[in-house]
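One structure below.
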Amino acid sequence: MADFGGWLMPIEYPGAGVLAEHAAVRERVGLFDVSHLGKASVKGEGALEFLNAMFTNDLTRIGDSKAQYTLLCNPDGGVVDDLIAYRNSASDFFLIPNAANTTDVVRVLNENVPAGITITNLHESFAVLALQGPHAVDVIKSFGINPTMDYMAFSHVAIAGCDVILCRTGYTGEHGFELVPHWGDADKVWDALVDAMKPYSGLICGLGARDTLRTEMGYPLHGHELSLEITPVQASAGWAIGWKKESFRGSEHLRAQRESGTVRTLKALKSNDRGIPRAGMLVKNSKGGEIGIVTSGTFSPSLKVGIALALIDPHYEVGSTVTIDIRGRESSATISALPLMPSHVR
């Protein structure tokens, strides 16, 4: 167990460990308790227009019962948080931000909200459970549910007699679901899912495996690849920006960064030796000049090598060989295309 965003969270579970939990998700199915994630609601006439002016992505591009990955920036383009917005209707949205940033997200929205729209912090009203892996569909089907929804869609279902929001989302790169039961029902839903995984040799998984899985996919983690100092343009998250919108919070600064093309941007690194990169380590060129910094680094259980995400000078392209300063020792690495593992989310 360890502190994460102010919550005591499992890094790994007894009897398996990070490597086995990682493999279960890639090969079979795994279950994560990520109830530390924030929850908030935004309701009222004009909620769509308000959030579309606050968030980077274009909420008009999704319909009811669909979700969208987006970011809340400050006026300078720094990221207050990245989150998923669930659209119940044009006047009713459910938000899932990161644990440590929920208060800030709610505060910023409240500081800018027009009359008639209510923002409610629901952090401890709902739990979030993530069921990920090739057999996730089979587990959901065992409850008599037909889970053939599109990626980033959601519906309301019953599991173990409890009302649950079932979402086709995840943070591992595998086909999977996130389930949002009421806080008081979480233990019942969790136990039911654990039992339903048994025929598929599923495992319960901690934050250690969650981190190795998301790093292989190049998914950002706030505080590492995204922050108040690291913009979505730098984090190669331009796909989550509605560039055609007239304006949104931070848009002027982000457009200027995009047009200049000079800022360090997020790239993947794959070790050519036994080095394991870690956050904060410097990336250098063949002449020893600093060209970047590692934002996340780990051992990849799938690739059996060290991997990293790093902010790199834009002149260095995929295929370039670089070195990482690992505690005073130079480790060779290659700039690689993302994702490092095939994506099965769809």
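Numbering of residues begins at 1 and proceeds along the displayed sequence. Values reported hereafter were calculated over all heavy atoms of this structure, with side chains retained and with hydrogens, waters and symmetry mates removed. Here the structure is a predicted model, which means the values were calculated and not measured.
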| said: Checking side-chain contact (heavy atoms from CB on, under 4.5 Å) between I307 and each of S300, S336, P277, S302, which is the one that passes? | reply: S300
| request: Answer yes when E178 and K39 have at least one side-chain N-carboxylate O distance shorter than 4.0 Å, and no when they do not. | output: no
| task | Determine whether the side chains of S271 and D273 contain a donor N or O and an acceptor N or O closer than 3.5 Å. | result | no
| Is the distance between the ring centroids of F126 and F94 less than 6.0 Å? | yes
| request: Could you label the plane-to-plane angle of the Y171 and Y219 rings as parallel, tilted or perpendicular, counting under 30° as parallel and over 60° as perpendicular? | output: parallel
| said: Between R168 (side chain only) and A153 (backbone N and O only), is there a donor and an acceptor less than 3.5 Å apart? | reply: no
| query | Counting only N and O atoms by type, is there a donor-acceptor contact under 3.5 Å from the side chain of N110 to the main-chain atoms of V106? | reply | yes
| said: Could you measure the distance from the CD1 atom of I312 to the OG1 atom of T265? Nearest 0.5 Å is fine. | reply: 8.5 Å
| field | Side-chain (E21) to main-chain (Y13) donor-acceptor, under 3.5 angstrom | value | yes
| request: Would you check if there is a donor-acceptor pair between the side chains of D138 and H135 at a distance under 3.5 Å? | output: yes
| query | Taking a hydrophobic cluster as the set of Ile, Leu, Val, Met, Phe, Trp and Tyr residues connected by side-chain heavy atoms closer than 4.5 Å, whether directly or through intermediates, do L95 and I119 fall within one such cluster? | reply | yes
| said: Is there a continuous path of hydrophobic side-chain contacts, each under 4.5 Å between heavy atoms, that joins V108 to I241? | reply: no
| message | With rounding to the nearest 0.5 angstrom, report the CG to OG distance, L269 to S332. | response | 10.0 Å
| said: Is it true that H123 and N121 share a donor-acceptor pair across their side chains at a distance under 3.5 Å? | reply: no
| Distance in Å, C73 SG paired with R249 CZ, rounded so as to fall on 0.5 Å steps | 8.5 Å
| query | Linking I/L/V/M/F/W/Y whenever their side-chain heavy atoms sit closer than 4.5 Å, directly or via other members, would L83 and F50 fall into one cluster? | reply | yes
| field | Check: S89 side chain, S91 main-chain N or O, donor-acceptor pair, under 3.5 Å | value | yes
| request: Verify whether one side chain among T334 and N272 offers a donor that lies under 3.5 Å from an acceptor in the other. | output: yes
| message | Using 0.5 Å steps for rounding, measure from the CG atom of L311 to the CD1 atom of I293. | response | 8.0 Å
| message | If we ignore hydrogens and angles and just use 3.5 Å, is the side chain of R87 paired with the main-chain N or O of T60 as donor and acceptor? | response | no
| request: Work out which heavy atom in I230 is nearest to a heavy atom in V79; give both atom names and the distance. | output: O-CG2, 3.5 Å
| Do R258 and W243 come within less than 4.5 Å of each other through their side chains, counting heavy atoms only? | yes
| query | Rounded to the nearest 0.5 Å, what separation is found between the CE atom of M149 and the CG atom of L166? | reply | 4.0 Å
| Are M341 and F32 connected in the hydrophobic side-chain network, where two residues link if heavy atoms are under 4.5 Å apart? | yes
| query | Does any non-hydrogen side-chain atom of V164 lie less than 4.5 Å from one of F177? | reply | no
| query | Rounded to the nearest 0.5 Å, how far does CG of N88 lie from CD1 of I165? | reply | 7.0 Å
| request: Return yes if a side-chain donor-acceptor contact under 3.5 Å exists between N57 and T70, otherwise no. | output: no
| request: Would you kindly confirm whether L266 and I291 end up in one hydrophobic cluster when ILVMFWY residues are joined by side chain heavy atoms under 4.5 Å apart? | output: no
| Do other residues, nucleotides or ligands put more than 12 heavy atoms under 6.0 Å from R329 CZ? | yes
| task | Mark yes or no for whether S320, through its side chain, and I335, through its backbone, hold a donor-acceptor pair below 3.5 Å. | result | no
| task | Report yes or no: does R26 contribute a side-chain atom to a donor-acceptor pair with the main-chain N or O of L213 at less than 3.5 Å? | result | yes
| query | Pick one: which of N98, N101, D81 meets side-chain hydrogen bond (donor to acceptor under 3.5 Å, both in side chains) with H222? | reply | N101
| query | Do side-chain atoms of D76 reach the backbone of G78 as a donor and acceptor pair under 3.5 angstrom? | reply | no
